[in-house]
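So the structure is just underneath, and the comments pick up after that.
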Amino acid sequence: MAIFLYIVRHGEAEPIFKQDELRELTEHGRWEAKRTAMWLNTQVKQFAQVYVSPYIRAQQTKDIILEKGPKALQQEVLSELTPEGNAQRAMDFLLAKVDVLNPQEDVNILCVSHMPLVSYLIGELT
């Protein structure tokens, strides 16, 4: 059994002129999400679990990926996946969830978040 964790930053978002969590994807950001979905289609048939930030732009990215790319068995909003989230706490949560899955075959997990948290999550793994 292998676990494949795909950590994705949301697509390009509109400039900050309202609350950060309400910022939406730009047209270019939607295109980026579609391109990500196309690439994920070459890698994954299905996600066992998708974890996503509660922020609008991350939700929109996740929606586009799941519409154009691999489907998901389960989805969960994870408040730790915000830009200033705690990477150690988020990674502990993800690893605990993987342990609960106890799969007999390969498992694919998608995590849609923000910078700088994306780089911190990767740092936690390495």
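As the structure is a prediction and not an experimental result, all values here were calculated from the model.
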query: Given T36, which of V8, L110, T61, N41 fulfils the side-chain contact (heavy atoms from CB on, under 4.5 Å) condition?
result: V8
message: Please identify which of these residues, V112, I109, L117, L125, meets the side-chain contact (heavy atoms from CB on, under 4.5 Å) condition with I7.
response: L125
At their closest point, which heavy atom of [X] faces which heavy atom of [Y], and how far apart are they?
| X | Y | value |
| --- | --- | --- |
| G11 | L25 | O-CD2, 3.3 Å |
| L121 | A87 | CD2-O, 3.8 Å |
| A37 | I64 | CB-O, 4.3 Å |
| I56 | R23 | CB-O, 3.6 Å |
| V44 | P70 | O-CG, 3.5 Å |
| S79 | P54 | CA-CD, 4.1 Å |

Going from [atom1] on [X] to [atom2] on [Y], what distance comes out if it is rounded to the nearest 0.5 angstrom?
| X | Y | atom1 | atom2 | answer |
| --- | --- | --- | --- | --- |
| L66 | K68 | CG | NZ | 12.5 Å |
| S53 | R9 | OG | CZ | 11.5 Å |
| L81 | L94 | CG | CG | 6.5 Å |
| C111 | L78 | SG | CG | 7.0 Å |

message: Could you go through V52 and Q75, starting from their C-alpha distance and side-chain angles, then the distance that decides it, and tell me whether this counts as side-chain contact (heavy atoms from CB on, under 4.5 Å)?
response: CA-CA 8 Å; V52 62; Q75 300 177 44; 5.9 Å; no
query: With a 4.5 Å heavy-atom cut-off, do Y6 and Q43 have their side chains touching?
result: yes
- prompt: Can you tell if the side chain of W31 reaches within under 4.5 Å of the side chain of E27, non-hydrogen atoms only?
  reply: no
query: Around Y120, counting heavy atoms of other residues, nucleotides and ligands shown, do more than 12 lie under 6.0 Å from its OH?
result: no
Within 6.0 angstrom of Q46 CD, more than 12 heavy atoms from elsewhere: yes
task: Indicate whether any N or O donor in one side chain lies under 3.5 Å from an N or O acceptor in the other, for D63 and Q59.
output: no
Do [X] and [Y] share a hydrophobic cluster (ILVMFWY, side-chain heavy atoms under 4.5 Å, transitive)?
| X | Y | value |
| --- | --- | --- |
| L22 | F17 | no |
| V50 | L5 | no |
| L73 | F93 | no |
| L40 | F4 | yes |

Do [X] side-chain atoms and [Y] backbone N/O form a donor-acceptor pair below 3.5 Å?
| X | Y | value |
| --- | --- | --- |
| E80 | G85 | no |
| K71 | F47 | no |
| R57 | D20 | yes |
| E12 | H28 | no |

- request: Name all residues meeting the ring-ring contact (aromatic ring centres under 6.0 Å, His included) criterion together with W39; count only those two or more places apart in sequence or in a different chain, and write none if there are none.
  value: none
field: side-chain contact (heavy atoms from CB on, under 4.5 Å) between H10 and Q60, intermediate numbers included
entry: CA-CA 8 Å; H10 62 80; Q60 290 174 323; over 6 Å; no
